[in-house]
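What follows is a set of notes on a single structure, which appears directly below.
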Amino acid sequence: MSLKNISLKQKLRQALEKAAQDYQPLPSFEIERAKIRAHGELATNLAMILARQQSVGENKKNPQTIAQDIISKLNDQNLDWMESISVAGGGFLNFVIKPSAWQEELKTILESGEDFGKSDEGQGKSINIEFVSANPTGPIHIGNARGGPLGDALASLLKTIGYDVTKEYYVNDVGGQIDRLGESILYWIDEKDNPEAPGPAKDSNCYQGEYVKELAQIALRELGEKISDMVSEVEPSSDPSTGSGCPASLIKVLGKFGIKTLLKQIKDDCDLMGITFDSWVNEKEILGSGKTEAILKALIEKNVTKKHEGALWLADASNELLNDRECVLEKSDGRPTYFANDIAYHVEKYKKGYDRLINVWGSNHHGHVPRVKAAVQSLGYDPEKIETVLYQYVRVKRGNDAVKMSKRGGNFVLAREVLDEVGRDAFRFFLLMRAPESHLDFDLELAKSQSQENPVYYVQYAHARLCSIMKKAAQQFKEQGIELKDHEIPDLKSLNLPEELEMIRVLLEYPEEILRAAKKLEPHRISFYILEVAKMFQSYYSKAKTDDRYRVLSGSIDSVKAKLYFCRSIQHTLASGLKLLGITAPTEMHHEES
RNA sequence: GCGCCCGUAGCUCAGUGGAUUAGAGCAUUGGUCUUCGAAACCAAGGGUCGCAGGUUCGAAUCCUGCCGGGCGCACCA
């Protein structure tokens with residue numbers, strides 16, 4: 001990194017490290033924006049951390065004393081960008097930086113362009129991130145849809161900090177659930193002349209919900225003759241196991257058809273959410289390729305299994321991850337469980353050489369996490385490579401009534417319904433506004449009736465306003481015959497209003513925010529960040545009504561150019577943050593009549 | 001019963017890398033459009049950070065125990 005590109009915070013850090021070099025070993029310390037401007041612009045807890053570290057013996061050192069010592073050493077360095085240093089509170093060192101230094105650093109935003117916010121933290125290491133992976137036995141509902149924007153935004157964040165990211169969807173297209181889906185469709189085929197039928201019995205294994213009825217209609221349309229042929233072959237008690245007097249082969253056909261159709265719908269829903277995957281892995285292929293079988297064999301050889309009541313169990317008392325929670329790998333009928341396939345699937349990912357494996361799962365899968373880790377550990381893979389982001393399901397309300405979601409119960413809200421109602425941008429932003437582990441309330445009435453209040457509009461409005469100013473500026477310059485070059489960097493010394501300097505500080509924090517959000521796997525930090533930027537700008541903008549110094553397009557030509565440059569920097573940062581979250585940054589917004 | 005997550009303003013939630021005076025949006029109340037977009041701005045009220053202990057100079061943040069809510073604990077996936 002060239003010296004020129006070192007940020008003010010980095011310069012301050014270096015200066016502090018030099019000033020505190022007598023206190024070894026130097027602990028890690030933080031430099032952040034002071035919460036209250038009156039204290040200063042930047043602050044560090046260095047003195048307080050040192051005081052604690054130095055107090056191990058009898059000589060208790062006062063943070064204030066250490067702070068004073070550091071100040072005098074900093075003063076010896078004659079830092080030309082430092083305005084003033086003070087001590088406050090329990091020993092905080094507060095700094096005020098010269099405006100010229102901030103103005104200079106502002107230039108890094110537009111000079112970096114598309115690279116602003118990027119870093120090489122990831123060093124090109126590879127990450128596989130698996131998300132959505134909704135079972136193709138039903139459409140994506142608002143509950144598991146949360147994993148979509150979450151995984152997608154995480155992938156973008158990790159790319160931004162220099163990882164090579166593969167986005168993957170694992171399709172659970174194996175198992176008894178497919179027959180159940182087939183049976184469920186069959187019910188509605190049998191009742192095709194009776195649309196008011198009550199639906200399959202609640203205590204049956206059938207999937208509830210309107211979508212099954214729709215599937216039956218599609219099936220009748222697309223493979224009508226085939227079905228009627230098969231139905232005509234039915235004999236009353238041909239297959240007692242299904243309890244419906246229908247041949248197992250018809251159920252299989254319908255189940256397969258249902259999975260195929262639903263998977264297509266899921267892909268469409270992902271498109272609507274603005275999500276694309278680099279890789280689709282089918283459980284069926286894992287199973288069919290013999291990989292599961294090989295895994296089971298390997299586990300048996302490792303002596304971490306046992307036979308019990310005809311089934312094969314993973315049982316490794318020495319493995320703390322498993323925590324004595326034994327689980328079935330192969331059922332007594334000889335078929336592997338999804339767990340066995342899942343182990344094979346994860347082993348495949350290890351074999352592909354990924355450096356990190358991230359699973360974005362609904363919180364109901366939390367019990368599954370240690371078991372998969374235990375199994376791969378038994379097979380000699382590093383379980384630490386697997387990281388799991390567990391998100392709480394979205395709680396859907398209709399007014400005051402909570403709606404319990406269940407793919408089987410049928411009483412759920414489709415992701416598509418919400419998407420159609422509020423649009424992709426609001427949909428994504430809303431789901432990305434909360435920490436993954438936080439419960440998220442989605443009141444449909446509220447979302448539908450008051451979607452205008454969604455914060456996403458606030459951010460987009462700020463962005464559109466900035467674009468509008470720039471458009472107007474271009475027009476104004478043209479009329480005045482002034483040429484405005486794209487890459488011209490104006491003199492920024494007129495940018496010295498407190499709000500301007502404060503906003504420069506915030507804008508320059510963007511790369512750190514990205515780094516932290518990516519490291520902690522918490523995209524919602526970016527939502528809050530761009531909201532803060534938008535808010536600061538809206539406030540700044542509004543001041544122009546009563547104070548001409550805040551007007552962008554008035555004053556001297558140099559001042560106008562500087563303010564425009566400032567506005568472009570804000571617009572650039574907002575657009576970048578929105579793009580990271582997969583949300584559009586419109587250049588203009590249109591009023592909807594209410 | 002065991003495990004994971006959550007409990008912060010009336011509501012929905014940030015903050016949980018200990019640290020300067022605990023924040024935001026919505027809602028409520030009161031102001032602000034002849035001027036770069038009022039989908040906006042400004043101001044006010046509103047909090048024993050679930051409870052109780054502990055560690056610390058300092059705890060919403062760390063530890064322990066309880067209480068309340070959600071979710072798991074299948075030869076389903």
Side-chain angles (χ1 to χ4, degrees), chain A residues 28 30 32 34-36 38-40 43 45 48-49 51-52 55 60 62-63 87-92 94 133 135 137 172-178 180 205 283 308-313 323 325 327-333 335 337-339 341-342 362-370 390-393 395 408 433-443 446 450 452-455 457-458 460-462 464-473 476 516 520 524-525 527-528 531-532 535 538-546 548 550-554 563 567 588-592 594:
Chain A
S28 72
E30 290 159 28
E32 55 193 6
K35 278 182 196 149
I36 295 157
H39 293 143
N45 58 356
M48 289 180 288
I49 300 228
R52 164 178 260 184
S55 301
K60 277 218 165 184
N62 187 328
V87 188
F92 262 101
N94 293 314
S133 298
N135 281 356
T137 52
N172 296 111
D173 52 358
V174 166
Q177 54 175 348
I178 297 169
R180 275 212 298 284
N205 277 328
E283 185 179 3
H308 180 63
E309 291 178 356
L312 183 70
W313 298 67
N323 199 20
R325 176 79 67 188
C327 29
V328 175
L329 293 161
E330 193 178 68
K331 296 181 267 187
S332 51
D333 64 5
R335 292 192 315 198
T337 59
Y338 89 101
F339 176 51
N341 291 332
D342 220 15
S363 63
N364 56 330
H365 289 91
H366 78 262
H368 189 51
V369 176
L390 293 172
Y391 58 89
Q392 294 292 324
Y393 272 16
R395 238 171 348 202
R408 310 222 168 120
M433 278 254 311
R434 307 283 180 241
E437 71 274 13
S438 166
H439 294 279
L440 193 155
D441 266 13
F442 205 122
D443 187 329
L446 199 71
Q450 298 183 28
Q452 298 274 341
E453 286 168 11
N454 194 306
Y457 293 107
Y458 184 87
Q460 290 181 322
Y461 180 64
R465 229 180 198 179
L466 283 156
C467 292
S468 172
I469 292 174
M470 291 185 282
K471 206 189 292 174
K472 183 139 189 164
Q476 206 167 303
R516 181 168 292 181
K520 300 191 75 165
H524 72 281
R525 290 174 179 274
S527 310
F528 278 88
L531 268 171
E532 185 184 9
K535 195 170 150 190
Q538 296 284 36
S539 175
Y540 169 80
Y541 174 90
S542 298
K543 282 198 160 67
K545 291 219 179 292
T546 51
D548 276 349
Y550 290 82
R551 283 188 66 82
V552 176
L553 303 177
S554 67
K563 278 189 160 52
C567 285
E588 51 187 40
M589 298 189 76
H590 303 285
H591 230 119
E592 259 177 44
S594 54

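The chains referred to below are lettered A, B, ... by the order of the sequence lines, with proteins before strands, and numbering in each begins at 1.
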query: Can you give the dot-bracket line for RNA chain B, using ( ) for pairs inside the strand, [ ] for pairs that cross earlier ones, | for pairs with another strand and . for unpaired bases, where Watson-Crick and G-U count if both distances are under 3.5 Å?
result: (((((((..((((.........)))).(((((.......))))).....(((((.......))))))))))))....
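- With distances taken from any side-chain atom of A:Ile36 to the nucleotides B:U21, B:A77, B:G58, the minimum falls on B:U21.
- Among the nucleotides B:G37, B:G70, B:A40, the one closest to any side-chain atom of A:His439 is B:G70.
- Distances shown here put a side-chain N or O of A:Tyr458 below 4.0 Å from the OP1 or OP2 atom of B:C41.
- Of the candidate nucleotides B:G18, B:U20, B:C36, B:U20 has the atom lying nearest to any side-chain atom of A:Ala34.
- Judged by ring centres under 5.5 Å apart and planes tilted less than 30 degrees, A:His366 fails to stack against the six-membered base ring of B:C71.
- Note on A:Lys331: a side-chain N or O is less than 4.0 Å away from OP1 or OP2 of B:A77.
- Side-chain N/O atoms of A:Ser438 include one lying less than 4.0 angstrom from OP1 or OP2 on B:A14.
- Annotation: side chain to side chain contact (heavy atoms under 4.5 Å, CB included) contacts of A:Glu30 (sequence neighbours excluded): A:Glu32, A:Asn45.
- The listed nucleotides are B:U21, B:U12, B:A40; the one nearest the side chain of A:Arg434 is B:U12.
- Heavy atoms of A:Asn94 sit under 4.0 angstrom from at least one base atom.
- Among the heavy atoms of the strands lying under 4.0 Å from A:His524 are primed sugar atoms or P, OP1, OP2 only; no base atom is included.
- A:Leu531 comes within 4.0 angstrom of nothing in the nucleic acid, heavy atoms only.
- Between A:Ser363 and B:C71 there is no side-chain polar atom (N or O) within less than 4.0 angstrom of OP1 or OP2.
- Counting only heavy atoms from C-beta on, A:Arg525 has its side chain closest to B:U16 among B:C36, B:U20, B:U16.
- Listed nucleotides: B:C36, B:G69, B:A14. Nearest to the side chain of A:Arg551: B:C36.
- Nucleotides B:G18 and B:C76, compared at atom P, are 46 Å apart to the nearest Å.
- Contact annotation for A:Glu309: base contact, defined as any heavy-atom pair under 4.0 Å involving a base atom.
- Between the side chain of A:Asp173 and the backbone N or O of A:Glu283 there is at least one donor-acceptor pair closer than 3.5 Å.
- At the heavy-atom level, A:Ser539 lies under 4.0 Å from the strands shown only through sugar-phosphate atoms.
- Counting only heavy atoms from C-beta on, A:Tyr461 has its side chain closest to B:A40 among B:G15, B:C75, B:A40.
- Nucleic acid contact for A:Val328: sugar-phosphate only, since backbone atoms but no base atoms lie under 4.0 Å from a heavy atom of the residue.
- Counting heavy atoms from C-beta on, the side chains of A:Gln177 and A:Asn172 come closer than 4.5 Å.
- Among B:A14, B:G58, B:C36, the nucleotide with an atom closest to any side-chain atom of A:Lys545 is B:C36.
- Contact annotation: the side chain of A:Phe339 approaches that of A:His368 to within less than 4.5 Å [non-hydrogen atoms, C-beta and beyond].
- Distances from the side chain of A:Phe528 to the nucleotides B:A14, B:C36, B:A38 place B:A14 closest.
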